[in-house]
Amino acid sequence: MVAGTLKKLLAQCNRSYNESFMKATNIIANNHHGPHPGVLAIVYTLLFNAGLYQVVSFTGGPHFPGPWESAEAITTYFQTYPKTILICAFLQFGAAIPLGIFTATMVSRLQFLGVRAAGAYIALFGGLMTAFNMVATAFVLWVMAYPGIAQDPAVLRALYYLGFSFGGVGFSVPLGLLIAGVCVPAAFFKLLPKWLVAFGLALALIGELSFLSMVIPQALFLIPLTRFPGFLWLIAAGFALPRTVASVNTAK
């Protein structure tokens, strides 16, 4: 009789243990694991703008020259402020890292939430291309800040326009692909709020249209129009995209 009671107690304990184990396993399986994309987007935004702050003047002082400015203005700036350019290049390179990780994390989470469409891979292509072009921009700026380079106006101008192309249209077009690649499947699967999807699609369209700046200089304004609102979208999407399957099912 005592042996029978012990067996029942052991069976009950074993069943309770198994139930607890399965519950914990299901919780783990239903959660996406990885860095938080919202935090990564914030780090990316802070680093990028810290680098931009080095070369932008809000008081009308010396600032990074635009492609519409004279060759003399471009050469003079890089000859006068090599250390500022170097710091900018350093921070721009640093900003590319969290952007690349953000892209990989968002695509991984989309797939975890059941997205098997091409949009996730388009987002991966766009995000990684944006990050790689940022790295290329940083490397070009680093070369331009290297002693002796700025003293050769012809080489300097060639490097300047190369860097501007990587950091201009080379940034806005693939960023638009990243945003569109997330927004389209997120809209079908109801993974993001409608307003955030609409905002993202508008940014994606502006980003793709910015390629016109290669032949129409007046379209250059489309590049910052993609870049700066894009910071807000990346942060919002990083926090809004569900982390668990259960939260998606509840939302539906």
Side-chain angles (χ1 to χ4, degrees), residues 16-48 93-135 171-208 226-227 229-252:
S16 298
Y17 173 78
N18 286 335
E19 288 175 354
S20 299
F21 176 77
M22 291 303 296
K23 187 181 292 184
T25 301
N26 288 333
I27 291 174
I28 293 172
N30 286 331
N31 281 279
H32 179 259
H33 297 280
H36 197 297
V39 175
L40 288 169
I42 290 175
V43 174
Y44 154 70
T45 299
L46 291 175
L47 286 173
F48 188 99
F93 177 83
I97 307 305
L99 179 61
I101 300 173
F102 169 90
T103 299
T105 303
M106 289 291 279
V107 171
S108 175
R109 187 171 292 188
L110 285 173
Q111 293 179 330
F112 174 79
L113 295 172
V115 175
R116 296 293 181 268
Y121 297 100
I122 293 172
L124 182 65
F125 169 74
L128 293 182
M129 184 178 178
T130 307
F132 291 152
N133 283 351
M134 285 179 61
V135 169
F171 176 96
S172 55
V173 171
L175 182 66
L177 292 177
L178 165 61
I179 295 173
V182 173
C183 280
V184 173
F188 280 105
F189 286 80
K190 299 180 180 179
L191 301 176
L192 290 175
K194 291 181 180 179
W195 69 267
L196 192 56
V197 171
F199 178 35
L201 291 176
L203 283 179
L205 178 61
I206 294 170
E208 300 317 296
T226 305
R227 188 192 309 275
F231 294 136
L232 299 176
W233 188 90
L234 293 175
I235 294 171
F239 280 100
L241 192 66
R243 189 170 186 171
T244 64
V245 176
S247 60
V248 175
N249 295 330
T250 301
K252 291 180 180 179

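Since the model is a prediction, treat every value here as computed from it, not as a measurement.
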Of all the heavy-atom pairs spanning [X] and [Y], show the shortest one and how long it is.
| X | Y | result |
| --- | --- | --- |
| Leu128 | Gly100 | CD2-O, 4.2 Å |
| Arg109 | Pro242 | CD-O, 3.0 Å |
| Gly200 | Ile179 | O-CG2, 3.2 Å |
| Val173 | Gly207 | CG2-O, 3.4 Å |
| Ala180 | Pro185 | O-CD, 4.2 Å |
| Ala123 | Leu178 | O-CD1, 3.4 Å |

Verdict with reasoning, Trp233 to Val182, per side chain to side chain contact (heavy atoms under 4.5 Å, CB included): CA-CA 11 Å; Trp233 188 90; Val182 173; 3.8 Å; yes

From CA spacing to verdict: side chain to side chain contact (heavy atoms under 4.5 Å, CB included), Leu191, Val197: CA-CA 9 Å; Leu191 301 176; Val197 171; over 6 Å; no

For a side chain to side chain contact (heavy atoms under 4.5 Å, CB included) check, start with the C-alpha distance between Phe199 and Cys183, then their side-chain angles and the critical distance, and finish with the verdict. CA-CA 9 Å; Phe199 178 35; Cys183 280; over 6 Å; no

Evaluate Phe189 against Leu113 for side chain to side chain contact (heavy atoms under 4.5 Å, CB included), listing each step before the verdict. CA-CA 9 Å; Phe189 286 80; Leu113 295 172; over 6 Å; no

Atom pair [atom1] ([X]) and [atom2] ([Y]), whose distance is rounded to the nearest 0.5 Å:
| X | Y | atom1 | atom2 | value |
| --- | --- | --- | --- | --- |
| Leu40 | Leu234 | CG | CG | 11.0 Å |
| Ile42 | Leu47 | CD1 | CG | 12.0 Å |
| Arg227 | Phe171 | CZ | CZ | 5.0 Å |
| Phe112 | Asn31 | CZ | CG | 6.5 Å |
| Asn133 | Leu175 | CG | CG | 11.0 Å |

Take atom CZ of Phe239 as the centre, draw a 6.0 Å sphere, and report whether it contains more than 12 heavy atoms from other residues, nucleotides or ligands.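 Enclosed.
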
Please identify each residue that fulfils side chain to side chain contact (heavy atoms under 4.5 Å, CB included) with Phe125, with sequence neighbours left out.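 Scan of Phe125 (side chain to side chain contact (heavy atoms under 4.5 Å, CB included), adjacent residues dropped) gives Met129, Leu177.
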
Scan the side chains in residues 101-108 for donor-acceptor partners under 3.5 Å anywhere in the protein, sequence neighbours excluded, and list what turns up.
{"from": "Thr103", "atom 1": "OG1", "to": "Leu99", "atom 2": "O", "distance (Å)": "3.0"}
{"from": "Thr105", "atom 1": "OG1", "to": "Ile101", "atom 2": "O", "distance (Å)": "2.8"}
{"from": "Ser108", "atom 1": "OG", "to": "His32", "atom 2": "NE2", "distance (Å)": "2.9"}

Among pairs that include at least one residue of residues 36-45, which meet side chain to side chain donor-acceptor pair (under 3.5 Å), considering only residues two or more places apart or in two chains?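 Side chain to side chain donor-acceptor pair (under 3.5 Å) check on residues 36-45 returns no pairs.
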
Are the side chain of Ser172 and the backbone of Thr226 linked by a donor-acceptor contact shorter than 3.5 Å?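 Side chain of Ser172 to backbone of Thr226: no pair is present.
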
